[in-house]
Amino acid sequence: MEEKLLLSFPEWLSEIDENIERKIHSIVKENSINNEQAKNFVDAKIKGGFFSKKDIDFNKINFKVENSFAIQVNQKRHFESRTIEHSVVPYDPDKAFAKVGFEGELEDLWDNSELWEGNYLPKFEKKELKWVRGGSAEILPCNDCNSLGKIRCMKCKGKGEYYEKCYKCSGKGIIQSKCPTCNGKGRVNEGQITVGGGRRIGTGAGYSSREVQCLRCNASGYLSERCSKCSGQGQVLVTCNKCDGTGEIICSTCKGYCQLYSCDEIKTICKPIEENFIVSCFDKVKSSWFNSEKNSEYFEITEELDLGEYIKSVPKDGRVLLEGYDLKIIPISRVILNDSKKETSIFIVGKDKKIIGATSSYLDYNKILLFVVLPIIVALTLIYFFVIK
Ligand SMILES: [Zn+2]
Ligand SMILES: [Zn+2]
Ligand SMILES: [Zn+2]
Ligand SMILES: [Zn+2]
């Protein structure tokens, strides 16, 4: 039966809080329990039915107490990544690029936050900023239009007008219409009064008709005339709708400004990355054990810490601008019970000692061998002999 203090912690914790060692010492010292107290705590839990007396019999088992602590670490990192893009845009001296001279080297966004009126960088909040890299801005002539701002219209080949198929005659040059005389039939009824002997006698006169070819349309049923719109040419000259007849259009590269603005644009994205983990000499500490502990202390550091196995390293394409840590320390005492067959750990957690978490190793290695490993070997052997062979 023995009691001991476990106080080791990783070095970087003192980088976050230089007093961490003193704090841990005093917390562990204040909350350490001896064998007698540990036994009383466990006994109380046995009486409360939390543990069974059969499992924990202090007369038969060895036990020892380890007094230690756990720290819940919440790490926030304000991570910045930048990309540089070469950008060439039309140069409008009045509007977009009144800020050509503004090329401040914003190497440190925190220190230069006043440059970004209303654009300061809030801690651990996502923010995107863009600026022109110092010395990279140039005003260039537009080669696409020889700095004229206009280029020849390709639709009319610079002429301002072009021939288009005549819409009235569909390009045929003639317009055909149905012959009104024969109503499109090509033939007409020719009516005639027939009189006997050629004399007009009033009565006895007869009426007869016969179909004859329509002379007006030459029996074709339609009349053709030259299209008046295109004078029979089939096409008409129209004003180019792309350039309004000027033969030129505005250069799309420089938007008519004749010049281009070229620069390296730096885009930065600042965003928080958060990680939670627990530092303890015990490996079975649960984050729920910290719930009753309200107090945490916040620390801010500007030097990036290497926490090794505890956290993922930040992506290579950026850097950490700020690191903040919330630390919560709780005392933990572990009571290790050993009855020579199995080892059980009971954790007495927190300053109020109300929480008792127990983890036990119920894994009896002899039984595992007998009931798990052995049957598998037997099954594999049988498969080998009966199936594969
Ligand atoms: Zn045109
Ligand atoms: Zn006709
Ligand atoms: Zn026509
Ligand atoms: Zn141009």
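One-based numbering, in listed order, for ligands and for the atoms of each. Remember, predicted model here, so these are calculated numbers, not experimental data. For this chain, numbers begin at 1 and follow the sequence in order.
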Quiz item: Of the backbone and side-chain N, O or S atoms of C258, does one lie nearer to the Zn ion (ligand 4) than 2.8 Å?
Solution: no

Practice problem: Rounded to the nearest 10 degrees, what's the angle SG of C254 makes with SG of C145 at the Zn ion (ligand 4)? Could you check? | Solution: 110°

Quiz prompt | Where the Zn ion (ligand 1) is the vertex, angle from C153 SG to C156 SG to 10° | solution = 110°

Quiz prompt | K23 bridged to E297 by N-O distance under 4.0 Å | solution = yes

Quiz item: the Zn ion (ligand 1) as vertex, arms to SG of C240 and SG of C243: angle to 10°?
Solution: 100°

Exercise. Report the distance from atom CD of E21 to atom OG of S14, rounding to the nearest 0.5 Å.
Key: 7.0 Å

Practice problem: Before accepting this row, confirm whether a basic side-chain N of the pair E80/R82 lies closer than 4.0 Å to the acidic partner's carboxylate O. | Solution: yes

Quiz prompt | Salt-bridge present (E275, R77; N to O < 4.0 Å) | solution = yes

